[in-house]
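Below you'll find the structure, written out as structure tokens, and then a few comments.
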Protein chains: 2
Amino acid sequence: MTIEDKSYKEKKVISIGIVSELTGLSVRQIRYYEERKLISPQRSTRGTRKYSFSDVEKLMEIANKREDGVQTAEILKDMRRREQALKGDNQLRNKMLEGQLNAHFKYRNR
Amino acid sequence: MTIEDKSYKEKKVISIGIVSELTGLSVRQIRYYEERKLISPQRSTRGTRKYSFSDVEKLMEIANKREDGVQTAEILKDMRRREQALKGDNQLRNKMLEGQLNAHFKYRNR
DNA sequence: CGTGTAAGGAATTCTGACACG
DNA sequence: CGTGTAAGGAATTCTGACACG
């Protein structure tokens with residue numbers, strides 16, 4: 001995925017009505033999930049909410065979990081956990097790369 | 001670019017106001033370029049225009065040409081020409097692939 | 001030709017609140 | 001807790017038209 005493609009996915013340009021159509025969620029539900037910190041749309045100058053494709057996908061996941069009876073507080077925890085896991089992975093990955101780099105220089109310098 | 005990334009770029013989800021902000025063009029100009037067949041937004045159920053990121057980029061190119069004094073009719077011709085050229089390229093490419101394939105089987109079958 | 005603008009109507013979006021459960 | 005709804009106001013969008021050049 002190039003930087004440009006990513007910008008399409010992350011750029012906040014979709015109004016709440018379209019998001020509602022795309023996700024099947026009511027406008028009320030979408031606003032409520034924001035209140036519960038599950039999503040963070042951007043605000044336009046005039047104050048209207050703008051969402052990215054990424055937000056839309058997140059909302060679809062939320063919808064699935066809600067259908068399974070998972071509460072928003074639980075969903076939020078899951079999201080935070082997943083972020084932590086990702087962070088941990090990256091730390092591990094960095095450690096390993098560091099190790100390789102060190103080994104490399106060890107051999108080169110003797 | 002994966003199929004998914006492409007769908008982000010082509011999906012018509014942006015309202016004309018946002019497109020105006022993104023391109024710097026007035027709403028009037030954007031509607032006029034549609035009248036001149038330079039772009040084709042999708043219509044929502046209610047009749048409002050929906051644009052893709054691809055449309056936005058096209059509009060920025062149009063804006064550049066208009067600044068150079070190029071008329072919309074001319075811009076339309078350029079666009080058609082470019083499409084034809086692309087078509088020609090693909091045809092040539094297909095012919096070449098076909099040739100390679102034929103050569104391949106020739107060798108295999110004797 | 002390309003773009004601005006006023007006109008009138010319809011649909012959207014926003015917030016805070018009450019309702020129900 | 002999660003969602004629907006009526007309320008009132010503000011901003012958007014749409015079309016057809018007139019203006020200017």
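From a predicted model like this one, the values you see are computed outputs, not experimental measurements. Every chain is numbered from 1, with letters handed out A, B, ... down the list of sequences.
Dashed line: the shortest gap from a side-chain N or O of S15(A) to OP1 or OP2 of dT12(C) is not under 4.0 Å. R49(B) has no side-chain polar atom (N or O) that falls below the 4.0 Å cut-off from OP1 or OP2 of dT13(D).
Here dT3(D) presents its C1' atom at 15 Å from CD1 of I62(A), a figure rounded to the nearest Å. One atom, CD of Q29(B), and another, C1' of dG4(C), lie 10 Å apart when rounded to the nearest Å. If you measure from atom OH of Y32(B) to atom P of dC18(D), you get 18 Å, rounded to the nearest angstrom. A straight line from CG of L59(B) to C1' of dT3(C) spans 15 Å, rounded to a whole angstrom. Rounded to whole Å, the distance from NZ on K12(B) to C1' on dT13(D) is 18 Å. Distance, Y33(B) OH to dG2(C) C1': 7 Å, rounded to whole Å. Remark: C1' of dG2(D) and CD1 of I30(A) are 14 Å apart, rounded to the nearest angstrom. As rounded to whole Å, 13 Å separates atom C1' of dT3(D) from atom CZ of R36(A).
A side-chain donor-acceptor contact under 3.5 Å links T48(B) and K50(B).
Between the side chain of R28(B) and the main chain of Y32(B), no donor-acceptor pair closer than 3.5 Å is present. K12(B) contributes a side-chain N or O that, together with a main-chain N or O of S40(B), makes up a donor-acceptor pair within less than 3.5 Å.
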Side chains of residues 71-82 of chain B: which donor-acceptor pairs under 3.5 Å do they make with residues two or more places apart or in other chains?
| unit_1 | atom_1 | unit_2 | atom_2 | d |
| --- | --- | --- | --- | --- |
| T72(B) | OG1 | R36(B) | NH1 | 3.1 |
| D78(B) | OD1 | R81(B) | NH2 | 2.6 |
| R82(B) | NH1 | E61(B) | OE1 | 3.4 |

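Minimum atom distance to the side chain of R43(A) is reached by dC14(C), of the listed dT13(C), dT15(D), dC14(C).
Stem regions annotated for DNA chain D: C:2-5 with D:17-20, C:17-20 with D:2-5, counting only runs of 3 or more consecutive pairs of Watson-Crick or G-U type with both contacts under 3.5 Å.
For S20(A) against L25(A), the heavy-atom pair with the smallest separation is OG-O, 2.7 Å. Nearest approach of I14(A) to S52(A), heavy atoms of both residues: CD1-C, 4.2 Å. Contact detail for F53(A) and F53(B): the closest heavy-atom pair is CE1-CE1, 3.6 Å.
Note on R31(B): a base of the nucleic acid sits closer than 4.0 angstrom, heavy atoms only.
With rounding to the nearest 0.5 angstrom, the CG atom of L38(A) is 9.5 Å from the NZ atom of K65(A). The line from CG of L92(A) to CG of L97(A) is 9.5 Å long, rounded to the nearest 0.5 Å. Put simply, CD1 on I39(A) and CG on L59(A) are 4.0 Å apart, with the number rounded to the nearest 0.5 Å.
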Taking it one step at a time, do R49(A) and Q42(A) satisfy side chain to side chain contact (heavy atoms under 4.5 Å, CB included)? CA-CA 6 Å; R49(A) 293 168 177 82; Q42(A) 209 174 276; over 6 Å; no

What's the verdict on salt bridge (charged side-chain N to carboxylate O under 4.0 Å, His left out) for E34(A) and R43(A), showing C-alpha distance, side-chain angles and the deciding distance? CA-CA 12 Å; E34(A) 174 182 0; R43(A) 294 298 181 116; 3.6 Å; yes

Side chain to side chain contact (heavy atoms under 4.5 Å, CB included) assessment of Q29(B) paired with R66(B): CA-CA 11 Å; Q29(B) 287 174 309; R66(B) 284 291 304 127; over 6 Å; no

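For the contact set between residues 16-27 of chain B and DNA chain C, defined by any heavy atom under 4.0 Å, the members are S26(B). Scanning residues 64-78 of chain B for heavy-atom distances under 4.0 Å to DNA chain C yields R66(B), Q71(B), T72(B).
Shown here are the ring-ring contact (aromatic ring centres under 6.0 Å, His included) partners of Y51(B), two or more places apart in sequence or in another chain: there are none.
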Output one line per pair: protein atom, nucleotide atom from nucleotides 5-10 of chain C, and distance, for all N/O pairs under 3.5 Å.
| unit_1 | atom_1 | unit_2 | atom_2 | d |
| --- | --- | --- | --- | --- |
| dT5(C) | O4 | R28(B) | NE | 3.3 |

